[in-house]
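What you are looking at is a predicted structure, and each value in this text was computed from that prediction instead of being measured.
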Amino acid sequence: TPDPRFLFLSARHTEALAHLLYGVTESGGFIQLTGEVGTGKTTLVRTLLEKLPDNVDAALVINPRVSVLEFLRSICRELDLDWKASQTPQDLIDALNARLLEAHAQGRRVVLIIDEAQGLTPEVLEQVRLLTNLETQRHKLLQIILVGQPELRELLARTDLRQLAQRITGRYHLMPLSSNESRAYVNHRLTVAGAVAPIFTGSALRAVQGVTQGIPRLINIICDRALLGAYTRELRQVDAGLVRHAAREVLGEEPATRRPPWLLAVTLTLAAALLLWTAGTRYREAGTTASAPPRTAAVAPSLADWLVDPAHPADTDTAFATLFSLWGARYTPAGSGSGCREAEQAGLRCLYRRGNWNDLKSYNLPAILTLTDGSGAPHQLVVTALDGGQATFKAGAATARFPLGAAEPLWYGEYLLLWRPDAAAASPLLPGMTGTSVQWLRSRLAALKHGTDTGVSSYDDSLVAAVKEFQAEQHLRVDGIAGEETLVRLSALTAPPGTPRLEAGGG
């Protein structure tokens, strides 16, 4: 159950919550939140309801598979409006409009949240659209938040629903947890429950991520079953074998059948590359004349061999210490119990993401990557340069360059980078805010465009437009909100000399 005591907000969940809170304070239109089954959408909705401002009334509809009349009755019940069985839909809309006008006169806002919105029929969706027509000359009277599975996006892409889709002012898609986030999620829940020592081994946590692909609901169920298995066997720790056994009981299939879809493609690519390399070697050997003297060339170690070399430490503390040093900061292992808390004390912040090489290049900041060798052991390295199809890695004092293709099969796309936020900039920055943080945002955007800083300290329409323009240029979500992603890109682009970069020769 979504017990608030166990709430864990990953970076993306935090950003999604910020979008929802922004939707509550923004007037009119729709906010759309989508995500796969079990990624925490309902938990976010419950969290939103707990954090609503005092001047906001909320109506929550959790069973959208109803007729138009039943849908309107559900809204009336949520807003404590009396209705009679003889009333028509228009009667209910008139009563609802009167209630909204009364709330507006009292300085209150009304928000309608529809969960599982992918189940709405086109007729009900059209009625939802018509509800946004309830307005005064200057303000919409009802803010609507649609929450649903990815099918909701497909539903709203229909031609006959384009009028509704055009009124959506904000969209956010909730992704599964990354490997690091899954590990933190499991340990967070155990700590809240009273655990005083680690219960899941490192290999068990990797197995959890492998069989669940970061879906929180599956993590909950499989970890709970694994704990039960450890209890019945009188074990104090859960290993990977127990996790896989629990997964078979829960999912009814071998975890191996849940391999990521890209794994087959990577395997085939490697096999083809091996065949080409073998054929090329034989061709070169056949073309060598008997009279040519044999030459012995030094063979550079492969990335796989380099990873397992004891001279190249690739543990978490070493990786953080290396990344901190690039920023001119000192990392103290176990100093604050977390590398990211250590970073905050040094005036830095962590950013966890999952993406590809192009995503890393767009940030242009060094990052910690986790590469997994053939035996399943993780190795945390710092990538300090990306250029010419090569990546420069640091492991302790050792530095080496390898082709991106060599690292690709070992990397699942997770990375952690550090960035230095401006002391005057809060996160996130939302339309309607005022103060020094807004002034900082305006001045940075003006500096990028070589424009004039007006010095206005309010997050007005002109600043929203400037933020949207910047987001579009950076291929970010264009929503006009200066969230973490936007602030990281902006800080990196306007950072002073000496800021570490992923430029050529950055090793």
Side-chain angles (χ1 to χ4, degrees), residues 178-184 187 197-198 200-207 209-210 239-240 298-346 348-354 357 360 363 365-387 390-419 500-502 505-507:
S178 69
S179 181
N180 286 333
E181 289 171 336
S182 294
R183 185 181 300 109
N187 288 329
F200 284 76
T201 66
S203 61
L205 292 173
R206 289 192 294 274
Q209 178 68 10
D239 59 18
V299 179
S302 67
L303 177 56
D305 292 336
W306 195 79
L307 287 177
V308 298
D309 190 331
H312 309 145
D315 56 283
T316 301
D317 284 334
T318 301
F320 266 115
T322 301
L323 189 57
F324 271 54
S325 67
L326 297 176
W327 285 89
R330 182 176 180 180
Y331 172 70
T332 304
S336 300
S338 163
C340 291
R341 282 196 287 269
E342 282 280 307
E344 291 179 1
Q345 294 182 4
L348 301 166
R349 287 186 193 169
C350 289
L351 180 73
Y352 290 101
R353 284 296 181 269
R354 171 180 287 178
W357 300 115
L360 275 177
Y363 286 112
L365 295 171
I368 296 176
L369 272 60
T370 300
L371 303 184
T372 305
D373 63 26
S375 65
H379 303 266
Q380 294 186 319
L381 310 174
V382 177
V383 57
T384 60
L386 290 174
D387 60 285
Q390 301 271 325
T392 301
F393 294 108
K394 283 183 70 69
T399 301
R401 281 167 57 84
F402 294 97
L404 298 183
E408 191 74 33
L410 311 179
W411 182 45
Y412 296 117
E414 298 151 1
Y415 57 90
L416 179 149
L417 57 84
L418 295 179
W419 64 290
R501 303 290 191 184
L502 278 181

Residues which pass side-chain hydrogen bond (donor to acceptor under 3.5 Å, both in side chains) with S182, listed by chain and number, not counting sequence neighbours: Q209
Nearest heavy atoms of A407 and F393, plus distance in Å: CB-CZ, 4.1 Å
Donor-acceptor under 3.5 Å (Q380 side chain, A319 main chain): no
Exercise: identify the closest heavy-atom pair between A207 and A240: CB-CB, 4.1 Å
Nearest non-hydrogen partners of P313 and A395, listed with the distance: O-CB, 3.4 Å
Nearest-0.5 Å distance that lies between atom CG in L348 and atom CG in L351: 12.5 Å
Closest heavy-atom pair and its distance - P366, T384: CB-CA, 4.4 Å
CG-CZ distance between L418 and F320, expressed to the nearest 0.5 angstrom: 7.0 Å
With D315 via side-chain hydrogen bond (donor to acceptor under 3.5 Å, both in side chains) - residues at least two apart: T318
Which residues share a salt bridge (Lys or Arg N to Asp or Glu O under 4.0 Å) with R353, sequence neighbours left out: E15, E484, E485
Distance in Å, E414 CD paired with L371 CG, rounded so as to fall on 0.5 Å steps: 10.5 Å
Listed partners of W327 passing side-chain hydrogen bond (donor to acceptor under 3.5 Å, both in side chains), at least two apart: none
side-chain hydrogen bond (donor to acceptor under 3.5 Å, both in side chains) partners for D305, two or more places apart: S302
Residue of the set L386, L365, T392 for which side chain to side chain contact (heavy atoms under 4.5 Å, CB included) holds with L502: L386
Under the ring pair (Phe, Tyr, Trp, His ring centres under 6.0 Å) test, residues paired with F402 that sit two or more places apart: W306
Student check: side-chain heavy atoms of L205 and N187 closer than 4.5 Å: yes
Nearest atoms (heavy-atom pairs only) where A367 meets Y415: CB-CB, 4.3 Å
Approximate separation, where rounding is to 0.5 Å, of T399 OG1 and H312 NE2: 9.0 Å
Nearest-0.5 Å distance that lies between atom CD1 in I368 and atom OG1 in T322: 8.0 Å
L410 and its side chain to side chain contact (heavy atoms under 4.5 Å, CB included) partner, picked from T370, T372, L369, L303: L303
Gap between atom CD of E344 and atom CD of E342 - 0.5 Å precision: 10.5 Å
Test item: Y331 and L323 side chains (from C-beta on) under 4.5 Å apart, heavy atoms: no
